[in-house]
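I have placed the structure first, in the form of structure tokens, so that the comments after it can refer back to it.
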Amino acid sequence: MDLKKVEDPRSGDVSPYTPFTKFCLNSLPSLSNFSIRAEEAEVIIKEEEKDDETNIPCGCSRTKCLKLYCDCFSNNRYCMNCHCKNCKNKPEFEELRDRAKISTIERNPAAFRQDISPTYKACHCKRSGCKKKYCECYEANRACTANCKCEGCKNLPVG
DNA sequence: GAGTTTGAAACT
DNA sequence: CAGTTTCAAACTC
């Protein structure tokens with residue numbers, strides 16, 4: 001799927017992001033902690049082009065697929081062939097989607113950032129022993145680390 | 001397929 | 001921050 005290109009009527013620049021979005025990205029104080037600006041954010045936040053075969057369909061029903069609960073949204077993918085309801089994670093809702101993305105980054109500056117190692121992630125499991133896919137460490141095929149706050153962990157490093 | 005359990009994400 | 005609620009998926013039956 002090709003990115004929708006938007007021409008800025010003032011500068012004539014052509015970009016996959018609207019001037020509004022660029023403004024918001026440049027204005028985000030939380031992003032400054034990571035020393036990125038709109039040009040970099042555009043690269044980081046650009047859509048991954050995935051075909052229908054590789055797209056794992058979601059089944060969201062209450063979040064319009066605009067929260068990190070949605071696996072498509074959290075992986076920076078448009079929903080394709082999903083069975084979600086009231087989905088706004090589609091190119092035709094670009095501005096609403098961009099706003100949601102910005103709100104998400106404000107809450108969690110690491111969101112959508114594939115360049116930040118996921119190993120910092122720590123689980124907080126209590127009942128799964130970190131041996132079921134409820135546990136993000138287990139799901140990612142990683143042993144839990146000292147950073148995890150899990151209880152009764154059975155997902156320990158070998159040795 | 002319906003109902004339950006789970007823990008990340010969101011919210012207060 | 002911590003505690004609570006919401007959420008969608010994992011899981012169970």
Side-chain angles (χ1 to χ4, degrees), chain A residues 1 17-18 20-36 38 40-158:
Chain A
M1 182 184 299
Y17 287 89
T18 62
F20 165 78
T21 301
K22 282 185 158 186
F23 170 79
C24 291
L25 289 169
N26 266 328
S27 301
L28 275 179
S30 54
L31 281 177
S32 63
N33 295 334
F34 286 83
S35 302
I36 64 170
E40 295 168 88
E42 280 191 46
V43 175
I44 291 158
I45 300 178
K46 79 177 174 59
E47 315 307 331
E48 283 201 25
E49 297 185 29
K50 304 219 174 174
D51 60 29
D52 292 357
E53 278 69 30
T54 61
N55 189 45
I56 299 166
C58 74
C60 308
S61 58
R62 305 179 71 90
T63 61
K64 305 169 188 174
C65 300
L66 294 180
K67 303 270 190 187
L68 292 178
Y69 296 123
C70 176
D71 200 54
C72 303
F73 183 76
S74 69
N75 285 298
N76 210 4
R77 296 191 317 259
Y78 292 118
C79 284
M80 291 182 290
N81 297 335
C82 299
H83 46 281
C84 40
K85 306 278 193 300
N86 196 20
C87 180
K88 299 290 187 295
N89 183 29
K90 292 180 175 171
E92 55 263 45
F93 304 107
E94 179 189 344
E95 180 158 331
L96 181 66
R97 184 174 182 273
D98 282 348
R99 286 173 175 272
K101 208 180 274 188
I102 290 162
S103 299
T104 299
I105 293 169
E106 284 178 323
R107 277 193 298 273
N108 174 11
F112 312 114
R113 300 261 332 245
Q114 294 180 312
D115 58 322
I116 295 177
S117 167
T119 57
Y120 79 96
K121 279 194 175 184
C123 74
H124 304 77
C125 305
K126 288 179 170 25
R127 307 184 63 85
S128 68
C130 303
K131 278 292 193 181
K132 295 188 174 180
K133 291 177 83 175
Y134 298 124
C135 174
E136 289 200 330
C137 300
Y138 179 83
E139 163 123 56
N141 248 314
R142 285 189 288 102
C144 289
T145 71
N147 295 329
C148 294
K149 303 290 192 294
C150 41
E151 298 173 12
C153 182
K154 296 185 173 60
N155 183 30
L156 302 170
V158 289

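Convention: sequence-line order gives letters A, B, ...; per-chain numbering from 1.
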Scan nucleotides 3-6 of chain C against the protein and return all N/O pairs shorter than 3.5 Å with their distances rounded to 0.1 Å.
residue	atom	partner	partner atom	Å
C/dT6	O2	A/Y69	OH	2.9

Report the distance from atom [atom1] of [X] to atom [atom2] of [N], rounded to the nearest whole Å.
X      : N      : atom1 : atom2 : answer
A/K126 : C/dA10 : NZ    : P     : 21 Å
A/E136 : B/dA8  : CD    : P     : 6 Å
A/N108 : B/dA8  : CG    : P     : 13 Å
A/K64  : B/dA9  : NZ    : P     : 21 Å
A/N75  : B/dA9  : CG    : P     : 11 Å
A/E139 : B/dA8  : CD    : C1'   : 12 Å
A/K131 : B/dG7  : NZ    : C1'   : 18 Å
A/R127 : B/dA8  : CZ    : C1'   : 17 Å

Taking side chain as C-beta onward, heavy atoms only, is [X] less than 4.5 Å from [Y]?
X     : Y     : result
A/C60 : A/Y69 : no
A/F73 : A/T63 : no
A/L66 : A/R99 : no
A/C70 : A/C79 : yes

What's the closest nucleotide to the side chain of [X] if the choices are [options]?
X      : options               : value
A/K67  : C/dA10, C/dC7, B/dA10 : B/dA10
A/K132 : B/dT6, B/dA9, C/dT12  : C/dT12
A/H124 : B/dA10, B/dA8, C/dA9  : B/dA8

* Closest approach of A/I105 and A/A111, non-hydrogen atoms and distance? -> CG1-O, 4.3 Å
Review item, side-chain donor-acceptor pairs of residues 122-135 of chain A, under 3.5 Å, at least two apart:
residue	atom	partner	partner atom	Å
A/H124	ND1	A/A122	O	3.4
A/S128	OG	A/C130	N	3.1

Where the side chain of [X] meets the backbone of [Y], is there a donor-acceptor pair that is under 3.5 Å apart?
X     : Y     : result
A/K67 : A/C65 : no
A/N86 : A/R62 : no
A/N89 : A/R77 : yes

Heteroatom pairs (N/O) under 3.5 angstrom, protein to nucleotides 1-3 of chain B:
none

* Report yes if a side-chain nitrogen or oxygen of A/S128 is closer than 4.0 Å to either non-bridging phosphate oxygen (OP1 or OP2) of B/dT5; otherwise report no. =>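 For B/dT5, neither OP1 nor OP2 has a side-chain N or O of A/S128 closer than 4.0 Å.
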* To do: Indicate, with a heavy-atom threshold strictly under 4.0 Å, whether A/C123 touches base, sugar-phosphate, or nothing.
  => sugar-phosphate
* Asked: Contact class for A/S74 vs. all strands (heavy atom < 4.0 Å): base, sugar-phosphate, or nothing?
  ->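 The residue A/S74 makes no contact with any strand.
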